[in-house]
Enquirer: 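Submitted below is the structure of interest, expressed as structure tokens.
First listed ligand is number 1; within each ligand, the first listed atom is number 1.
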Amino acid sequence: MKNFNFKSAANTKEATKLISKRATFLAGGMTLLPAIKLGLAAYSDIINIKKIKNLSGIKVSSKSLKIGSTTTHSEVSASKEVGKSIPSLAILAEGIGDPQVRNRGTIGGSIANNDPAADYPAACLALNAIIHTSKRKIPADKFFKGMFETDLKKGELIETVEFEVPEKSAYAKFPNPASRYAVVGVYVAKLKKEVRVAVTGAASYVFRSKELESVLTKNFSSSAINDIIISSDGFNSDIHASAEYRAHIVKVMAKKALSSC
Ligand SMILES: Cc1cc2nc3c(=O)[nH]c(=O)nc-3n(C[C@H](O)[C@H](O)[C@H](O)COP(=O)(O)OP(=O)(O)OC[C@H]3O[C@@H](n4cnc5c(N)ncnc54)[C@H](O)[C@@H]3O)c2cc1C
């Protein structure tokens with residue numbers, strides 16, 4: 001259905017009230033609009049959340065970095081606060097799509113969509129993020145549930161994404177040359193209490209590599225993973241890369257990320 005009611009919400013309460021069974025939120029529209037145009041999704045009501053002022057912006061403290069859900073990828077990549085506290089996150093945002101996508105696409109839209117090849121889900125898992133919604137706070141470990149599937153309930157709005165400020169971190173992506181989506185992307189982070197490694201693009205949805213984490217917890221360096229062989233079990237095999245190739249690239253990207261920490 002390409003005919004729908006278009007409504008703009010002035011605040012979070014209004015946005016969640018406007019949601020009915022066949023309604024959805026619109027942020028940057030970079031995924032939602034092509035899906036509607038291609039007939040992959042249909043809604044009776046589209047609720048624009050871009051006019052809700054307190055959903056956009058960046059706040060930093062010594063322990064965490066909070067990014068409002070409608071903050072665009074361009075705003076994250078250009079932010080001095082992000083560049084200072086978590087430079088790897090600014091680099092990740094700069095590597096998303098093309099300028100048009102970065103100027104419209106938002107962090108909230110990206111993680112709500114949970115594309116298996118998207119970049120931000122890897123940042124959320126590696127940086128132990130907490131997703132603040134209109135109803136609750138969801139740890140990243142519980143947020144990403146499957147391919148294009150999250151823990152969000154119907155009408156639940158992402159308000160802010162809160163990242164832990166790491167001691168060291170880096171993201172390395174092997175991009176699809178056309179879309180810039182990750183064929184494989186690896187985010188490594190040395191946090192105060194633990195080491196986390198998140199992998200996107202390789203499987204049906206983002207995951208933490210326990211194998212890499214256990215080695216890097218003892219020695220957070222590129223050479224520490226020289227002898228590791230990443231298993232391709234459960235990895236995607238498609239026109240872009242075989243599962244075995246993706247497994248190889250996970251190690252290459254992990255080493256690249258670790259070398260730049
Ligand atoms: C050509 C192209 C190239 C791209 N390349 C990359 C890439 O390299 N890496 C990458 O990671 N991504 C890439 N993307 C995706 C892009 O970065 C957007 O982040 C993504 O499309 C969704 O963000 P959006 O703000 O446009 O969301 P929308 O399209 O507006 O919404 C997407 C979904 O999220 C829901 N939603 C949006 N905001 C919220 C919220 N606050 N709370 C709850 N639900 C919400 C919507 O209801 C909808 O279901 C690319 C997209 C295109 C079109």
Enquirer: Please indicate whether any nitrogen or oxygen in A112 is less than 3.5 Å from any nitrogen or oxygen in ligand 1.
Expert: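 It does not: no N or O of A112 is found under 3.5 Å from an N or O of ligand 1.
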
Enquirer: Identify whether the distance between the nearest side-chain nitrogen and carboxylate oxygen of R208 and E213 falls below 4.0 Å.
Expert: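 The answer is yes: the pair qualifies as a salt bridge.
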
Enquirer: To the nearest 0.5 Å, what is the distance between CD1 (I130) and OG1 (T160)?
Expert: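 Atom-to-atom, I130:CD1 and T160:OG1 are 11.5 Å apart.
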
Enquirer: Among E162, K137, K66, E159, find the one that has a side-chain hydrogen bond (donor to acceptor under 3.5 Å, both in side chains) with H132.
Expert: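 Running side-chain hydrogen bond (donor to acceptor under 3.5 Å, both in side chains) over E162, K137, K66, E159 with H132 returns exactly one hit, E162.
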
Enquirer: With a 4.0 Å cut-off on heavy atoms, is K173 in contact with ligand 1?
Expert: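 Judged by the 4.0 Å heavy-atom criterion, K173 does count as contacting ligand 1.
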
Enquirer: Tell me whether D45 is salt-bridged to K21, with the criterion being a basic N under 4.0 Å from an acidic carboxylate O.
Expert: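 No.
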
Enquirer: Parallel under 30°, tilted from 30 to 60°, perpendicular over 60°: which one fits the rings of Y245 and F174?
Expert: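 The arrangement is perpendicular - the two ring planes meet at more than 60°.
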
Enquirer: Under 4.0 Å from any heavy atom of H73, which atoms of ligand 1 are there?
Expert: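 That gives atoms 16 (C), 17 (O), 18 (C), 19 (O) of ligand 1.
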
Enquirer: For ligand 1, which atoms have a heavy atom of D119 less than 4.0 angstrom away?
Expert: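 Checking each atom against D119, I get 7 (C), 8 (O), 9 (N), 10 (C), 11 (O).
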
Enquirer: Looking at every non-hydrogen atom in both residues, tell me the closest pair between F25 and G155 and how far apart they are.
Expert: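 What the structure gives for the nearest pair is CZ-O, 3.7 Å.
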
Enquirer: Looking only at distances, can you tell me whether any N or O atom of F25, backbone or side chain, sits closer than 3.5 Å to an N or O atom of ligand 1?
Expert: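 Between F25 and ligand 1, an N or O pair is found under 3.5 Å apart.
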
Enquirer: Just which atoms of ligand 1 are under 4.0 Å from any heavy atom in S69?
Expert: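 Here the atoms of ligand 1 in question are 41 (N).
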
Enquirer: Decide whether N236 and R246 meet the rule of one side-chain donor and one side-chain acceptor closer than 3.5 Å.
Expert: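 The answer is no; no qualifying pair exists.
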
Enquirer: Could you list which atoms of ligand 1 come closer than 4.0 Å to a heavy atom of T31?
Expert: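 In order of number, 20 (C), 21 (O), 22 (C), 26 (O), 29 (O).
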
Enquirer: With atoms numbered from 1 as shown, which atoms in ligand 1 lie under 4.0 angstrom from a non-hydrogen atom of G28?
Expert: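 It comes down to these atoms of ligand 1: 24 (P), 25 (O), 26 (O), 27 (O), 30 (O).
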
Enquirer: Could you tell me whether the side chain of R102 and the main chain of T72 form a donor-acceptor pair under 3.5 Å?
Expert: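 No.
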
Enquirer: For the 3.5 Å polar cut-off, considering only N or O atoms, please tell me whether T24 and ligand 1 meet it.
Expert: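 Between T24 and ligand 1, an N or O pair is found under 3.5 Å apart.
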
Enquirer: Taking N or O atoms only and a 3.5 Å limit, does Y120 qualify as a polar contact for ligand 1?
Expert: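 Y120 vs ligand 1: no N/O contact under 3.5 Å.
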
Enquirer: Just how far is it from atom OG of S85 to atom CD of E81, taken to the nearest 0.5 Å?
Expert: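 So the OG of S85 and the CD of E81 are separated by 8.0 Å.
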
Enquirer: D119: what forms a side-chain hydrogen bond (donor to acceptor under 3.5 Å, both in side chains) with it, not counting sequence neighbours?
Expert: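 Once residues adjacent in sequence are excluded, the partners of D119 under the side-chain hydrogen bond (donor to acceptor under 3.5 Å, both in side chains) criterion are Y171, K173.
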
Enquirer: Which protein non-hydrogen atom lies closest to atom 28 (P) of ligand 1, naming both residue and atom, and how far is it?
Expert: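 Answer for atom 28 (P) of ligand 1: G29 N, 3.4 Å.
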
Enquirer: Run the numbers for me: atoms of ligand 1, each under 4.0 Å from some heavy atom of E156, listed by number.
Expert: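 Listed by number with element, the hits are 43 (C).
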
Enquirer: For ligand 1 and M30, I'd like to know whether there is a polar contact (N/O to N/O, distance under 3.5 Å).
Expert: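 There is such a contact, yes.
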
Enquirer: Do other residues, nucleotides or ligands put more than 12 heavy atoms under 6.0 Å from K17 NZ?
Expert: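 No, the 6.0 Å shell around NZ holds no more than 12 heavy atoms from other groups.
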
Enquirer: Does CG belonging to D238 count more than 12 external heavy atoms closer than 6.0 Å?
Expert: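 Yes, enclosed.
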
Enquirer: Looking only at heavy atoms, is any part of I49 under 4.0 Å from ligand 1, and if so is it the side chain, the backbone, or both, or is it neither?
Expert: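 I49 to ligand 1: side-chain contact only, backbone stays beyond 4.0 Å.
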
Enquirer: Run the numbers for me: atoms of ligand 1, each under 4.0 Å from some heavy atom of S179, listed by number.
Expert: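 Taking each heavy atom of S179 in turn, ligand 1 has 3 (C), 4 (C), 5 (N), 8 (O) under 4.0 Å.
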
Enquirer: Can you name the side-chain hydrogen bond (donor to acceptor under 3.5 Å, both in side chains) partners of T133, sequence neighbours left out?
Expert: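 Checked T133 against side-chain hydrogen bond (donor to acceptor under 3.5 Å, both in side chains); matches are E156.
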
Enquirer: Do any N/O atoms on L157 end up under 3.5 angstrom from N/O atoms on ligand 1?
Expert: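 In this structure, L157 places no N or O atom under 3.5 Å from an N or O of ligand 1.
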
Enquirer: Using a 3.5 Å cut-off on N or O atoms only, is L152 in polar contact with ligand 1?
Expert: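 L152 vs ligand 1: no N/O contact under 3.5 Å.
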
Enquirer: Which residue holds the protein heavy atom closest to atom 51 (C) of ligand 1, what is that atom called, and what is the gap in Å?
Expert: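 Among all protein heavy atoms, the one nearest atom 51 (C) of ligand 1 is Y181 OH, 3.6 Å.
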
Enquirer: Checking the N or O distance criterion of under 3.5 Å, is ligand 1 in contact with Y43?
Expert: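 Between Y43 and ligand 1, no N or O pair is found under 3.5 Å apart.
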
Enquirer: Would N114 and T150 count as a side-chain hydrogen bond (donor to acceptor under 3.5 Å, both in side chains) if you check the C-alpha gap in whole Å, the side-chain angles of each, and the deciding distance to 0.1 Å?
Expert: CA-CA 7 Å; N114 194 18; T150 68; over 6 Å; no

Enquirer: Closer than 4.0 Å to some heavy atom of G105 - which atoms of ligand 1 meet that?
Expert: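 The atoms of ligand 1 under 4.0 Å from a heavy atom of G105 are 25 (O), 26 (O).
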
Enquirer: For V101 and ligand 1, does the shortest N/O to N/O distance drop below 3.5 Å?
Expert: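 N/O-N/O distance below 3.5 Å does not exist for this pair.
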
Enquirer: Looking at atom 41 (N) of ligand 1, what's its closest protein heavy atom, distance included?
Expert: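 Protein heavy atom at minimum distance: I158 O, 3.1 Å.
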
Enquirer: Consider every N or O of I96 and every N or O of ligand 1, then say whether any pair is closer than 3.5 Å.
Expert: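 N/O-N/O distance below 3.5 Å does not exist for this pair.
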
